[in-house]
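Reading through the structure tokens given below for one structure.
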Amino acid sequence: MSNQFVKHQHEKDYVFLMRGLKELDLCGPSVSSDLVLTGDHAFPLAMNSQGQVPMAASLYGRGRIVVLGHEGYLTAFPALVENALTWLRGDGSDNVSVGVHKNASAVAENLSKSTFQVEIVEAFSNNLGFGVYLTDAYSVGEDPKDLVAFLKAGGGVLIAGQAWSWAEVHPKENTLLRFPGNKVCGVAGIYLSERQCGVECLAIFPQIPSSWMGVVLGKDFEDDLEFLLEGISEFNLTDGVLASELLVHGPLAFPIGATEDGRGFLAGAYYGQGRVIVISHEGLLRRETLAPVWNNVINWLDEGRNGVIGVSPDLNEAFDLYSKLGFNCMKTNISEDLSVFVCTAYNDEHAEEIKHFVAEGGGLLIGGHAWWWAQTHQGQNPMIDFPGNKILNKMGISVMEKTIEEGSYKAPVPSQVMKDTYNFRHLLHRLSDHVNEGEELTGNEQDNLKKLGGDCANYLRMNAHDSSSYAQMVSTLVDVLKKSGLPQVSESSPVTAPKDHLLLSVGTEVYKSHPDRDALLPYLIKDNPLMPVVYNRKISFNVNTAEGEEWLSTGLYISRGMKTYIATPKEIVNKGWKIQIGCQTDFLRAEELKRAPCVHDNFPITSEMMQVWNLWGGLIYLVAPPKTQLGGVQVTVQMAVPAPFYKSGVTTAAEWSLLRTAPAPWAELEFENIILTVPSEVVCGLDRPDELAAHWDTIMRSIADLAAIPHKFPRKERFVTDVQISHGWMHCGYPVMAHKVTADELVSVEHARSQGLWGPIHELGHNQQRSCWEFPTHTTECTCNLWSVYVHEEVLGVHRSKAQPAMTPENAKSRIEEYVKGGRNLSSWEMFVALDTYMQLQERFGWDAFKKVFSAYHQMSNFPNDNKGKMNLYAETFSQTVGMNLCGFFKSWGWPIEASTEEKLSNLPPWTDHPMVQYG
């Protein structure tokens, strides 16, 4: 069932439940409990001005439940009660029998004239055949399992009562779990809390009510933390552990272990009548140094039952550790007979069983990280597609792809966790106070706003529109955005304030998920001039991709907030194809932002007609998956802005004379082996794109020559310029990213032949590096420059010393002397020092030797993984290629040449007059 369908169904249910009601006068003598809503399907029926909820409804299993925050409401609002009983009966059911507990019998008189057949009973029994059961919150019994089973199987339950007076009489009891009514309604994600609702006369809204005031925590958790952290001073996350960061977002979820800056790795939550603990690396579940932690955790989850601890069969070492701690452990999959279940977060096969197990009182200990999953599932959304999150999201905790570095982290002071530690919900509520009420944020809160922005963006990616808690969060964020507005960030108007960082992160994601984007857009984009568009533009592609996915340019653009439809052939639907809007794909984490952190978006092609949009606009691409061969792929774009787009061998001179002034702000030039994306103003004066094409074709063929690969690249390289990039002046990848000011150089043949293109060729060289002959970190910024030197001297006619001042003979001599003086230590053999080694080889043996060496590597397999092994293989390969023993040369540079390598090459004449001889 889709989230949007569920949300729509909840709205219909709300309208049905509140039909005929204009207002609810809650100013009478009955003071309701404030209801805490979690669960999959809980939604409020009323909400006061403080965001408190006096009544709510939910689904559980196949059944339905309505909870009223005071038993007095049963007689105060007879129309509401009758609506509720009708809804609780279920669609299509003709069972009009209603069982009413004797302590709620006052409602029976109001129902005497209804169509329901009312029977007052001493206690609930499944044998009585009721369609709906009505009770106060104090009379469900000590063990209401039968009533929960009735609800789960399709029955309807109406519970009314308040918990605040019970909490006053039971000050040391856990109201959420121990108050009688919560043992039933808590299973469905509605809890009667010890907080009182403010008394007001409430108007009935046409939609499910929400308020920024509603983002609250359901509990302070200090007692839970005291139990869980007893005897714990630190958490050891060393020795090869790379954990994920947890997002603790539910009203009944809380952090337990975190870094000093608030990034959580251990968290807990209440869910239904049960409890859950999450650790963000499964390897920690078996760690002996954390045994005291797991002792506390399992006891907290077990709740004194001394029951069976079920451990998933793939966690042998964890099973041994917990057994050693004295727990009654069993290797098993999930079973309702268990007290606690321990498993990893990598399998969602039993997700629904696990959620029901916890909701009905079980404990769950689950471990796993999402960063590796995210790396190996490109294009998927970890927040909803990662298996563990399919279990945990509803429980208020999510595993993110963000990582937490190794370390030993101090355990927090229980009384300070909810006050001083970063807390997602609390800080969002404080931000709302700041925006809506003008309350000042503390310095610590200001510092945490940037993290809050990233967490909000991740939270919104859950798309959990079926959750009332999620809807409240989204409503709060929309309210913040509307009142604050979005910073109109640009190159000339950068932002640095943490609040602006947050708004930019949140604005993008809120816009993606908002049901009425058109209404929200004016609050986000202030200056959005109309651009001329073309209609029903057809674009055809012949696709033959290799190992990586490939962007296919359409030559079209959509402006900020613009929506369009794209028709695609059925052959590519649900086959891994995507539509991408925007080419600036770097995610920015800089202190100063000249654009939003993320300005592109992807839409998996799941139907033949796709609607796409992007708050920030962008060029339109079809993204083909790896290893795809398909001819004549044709898409039709309903409406878009034309962009300056030149394609070698396709675009004529006459077409270019018109296209180069097309209105889109970004232009693309597609040549034989490379595509350049630059600001449109850069190409307005480009009269001869064919000459530029020939220039780049020659460069790219020469790159292929040196790499000993065919002239036709398996995938065209891409260069994308941007107002700001994630790191460096440029960086490699697909695409190569560069700052916007580089664009003029990329499209100027004259500049390349006079001044050179060291930076761009350096990045293209990075894309040619291969692990088998790379020795990180020594050669990471070195061997890519082989292509820089080669292209400049062999193609552009620019000497290496002019293209890169560091390459003058004087600078090289100085570097080598300093390196030798320092003891020829490989820790200093990096960048230009390392490049000097390769240049000495080039000056003696020429570029042809390098081509042959690279060609030889193409024929090899089973390479060493360590630098020492790889360096010996390189020395051997180069020596064999040039027919000369180069061991002495490499040893003079401090390479760890082994005796076995020297023995293999002993039959070759040694290079005795190499350039390093002079240094002794």
Checklist line | Nearest heavy atoms of Leu659 and Phe645, plus distance in Å | finding: CD1-O, 3.3 Å
Notebook entry, point to check: Side chains of Asp527 and Gln488: is there a donor and an acceptor less than 3.5 Å apart?
Noted result: no
Checklist line | Minimum-distance pair of heavy atoms, taken over all atoms of Ser553 and Glu668 | finding: OG-OE1, 2.6 Å
Next item on the list: Specify the closest pair of heavy atoms between Asn393 and Met383, including all atoms of both residues, with the distance to one decimal.
Entry: ND2-O, 2.6 Å
Check: Trp616 ring centre to Arg595 NZ or CZ under 6.0 Å, with the angle to the axis within 45°?
Finding: no
Checklist line | Pro665 vs Met531 side-chain heavy atoms within contact, under 4.5 Å | finding: yes
Check: Taking C-beta and beyond as the side chain, do His762 and Trp729 meet within less than 4.5 Å on heavy atoms?
Finding: no
Note to self: Can you tell whether the side chains of Arg660 and Asp687 come within less than 4.0 Å, N to carboxylate O?
What the structure shows: yes
Next item on the list: Please check if any side-chain donor atom of Thr545 sits under 3.5 Å from a side-chain acceptor atom of Glu550, or the reverse.
Entry: no
Note to self: Does Arg537 have more than 12 heavy atoms from other residues, nucleotides or ligands lying within 6.0 Å of its CZ?
What the structure shows: no
Next item on the list: Return yes if some donor-acceptor pair links the side-chain N/O of Ser432 with the main-chain N/O of Leu428 below 3.5 Å, else return no.
Entry: yes
Check: Do Ser210 and Gln472 get their side chains close enough for a donor-acceptor pair, meaning under 3.5 Å?
Finding: no
Notebook entry, point to check: Parallel, tilted or perpendicular: which fits the ring planes of Trp613 and Phe603, with parallel below 30° and perpendicular above 60°?
Noted result: perpendicular
Notebook entry, point to check: Do Gln580 and Leu619 have side-chain heavy atoms sitting under 4.5 Å apart?
Noted result: no
Check: Around atom NZ of Lys570, are there more than 12 heavy atoms of other residues, nucleotides or ligands at under 6.0 Å?
Finding: no
Margin query: Determine whether a donor-acceptor pair (N or O, by modelled atom type, separation under 3.5 Å) exists between the side chain of His434 and the backbone of Glu439.
Written below: yes
Check: Between the side chain of His501 and the main-chain N/O of Glu591, is any donor-acceptor distance below 3.5 Å?
Finding: yes
Check: When you check the gap from the basic side-chain N to the acidic O, do Asp261 and Lys450 get nearer than 4.0 Å?
Finding: no
Margin query: Between the side chains of Glu655 and Lys647, is the shortest nitrogen-to-carboxylate-oxygen separation below 4.0 Å, so that they form an ion pair?
Written below: no
Note to self: Can you confirm whether Leu481 sits close enough to Tyr523 that some side-chain heavy atom of one is under 4.5 Å from a side-chain heavy atom of the other?
What the structure shows: no
Margin query: For a 4.5 angstrom cut-off between non-hydrogen side-chain atoms, does Pro760 reach Leu746?
Written below: yes
Next item on the list: Considering non-hydrogen atoms only, spot the tightest contact between Leu615 and Thr508 and give its length.
Entry: CD2-CA, 3.9 Å
Note to self: For the backbone of Asn381 and the side chain of Asp385, can you confirm whether one donor and one acceptor N or O come within less than 3.5 Å of each other?
What the structure shows: yes
Checklist line | Gln634 and Ser540, any side-chain heavy atoms less than 4.5 Å apart | finding: yes
Item checked: Working for side chain to side chain contact (heavy atoms under 4.5 Å, CB included), residues Phe541 and Val635 -> CA-CA 9 Å; Phe541 305 97; Val635 300; 4.1 Å; yes
Note to self: Would the distance check show the side chain of Thr636 and the main-chain N or O of Ala567 forming a donor-acceptor pair, the cut-off being under 3.5 Å?
What the structure shows: no
Notebook entry, point to check: Looking at side-chain heavy atoms only, is the closest gap between Met737 and Ser726 below 4.5 Å?
Noted result: no
Item checked: Closest heavy-atom pair and its distance - Leu503, Leu486 -> O-CD1, 3.1 Å
Check: Is there a side-chain contact between Leu552 and Ile539, using heavy atoms and a 4.5 Å cut-off?
Finding: no
Item checked: Check: Tyr14 side chain, Phe205 main-chain N or O, donor-acceptor pair, under 3.5 Å -> yes
Check: Which heavy atom in Met473 sits nearest to a heavy atom in His249, and how many Å separate them?
Finding: CE-O, 3.7 Å
Next item on the list: Determine the interplanar angle of the Trp551 and Tyr621 rings, folded into 0 to 90°, and report it as parallel if under 30°, tilted if 30 to 60°, perpendicular if over 60°.
Entry: tilted
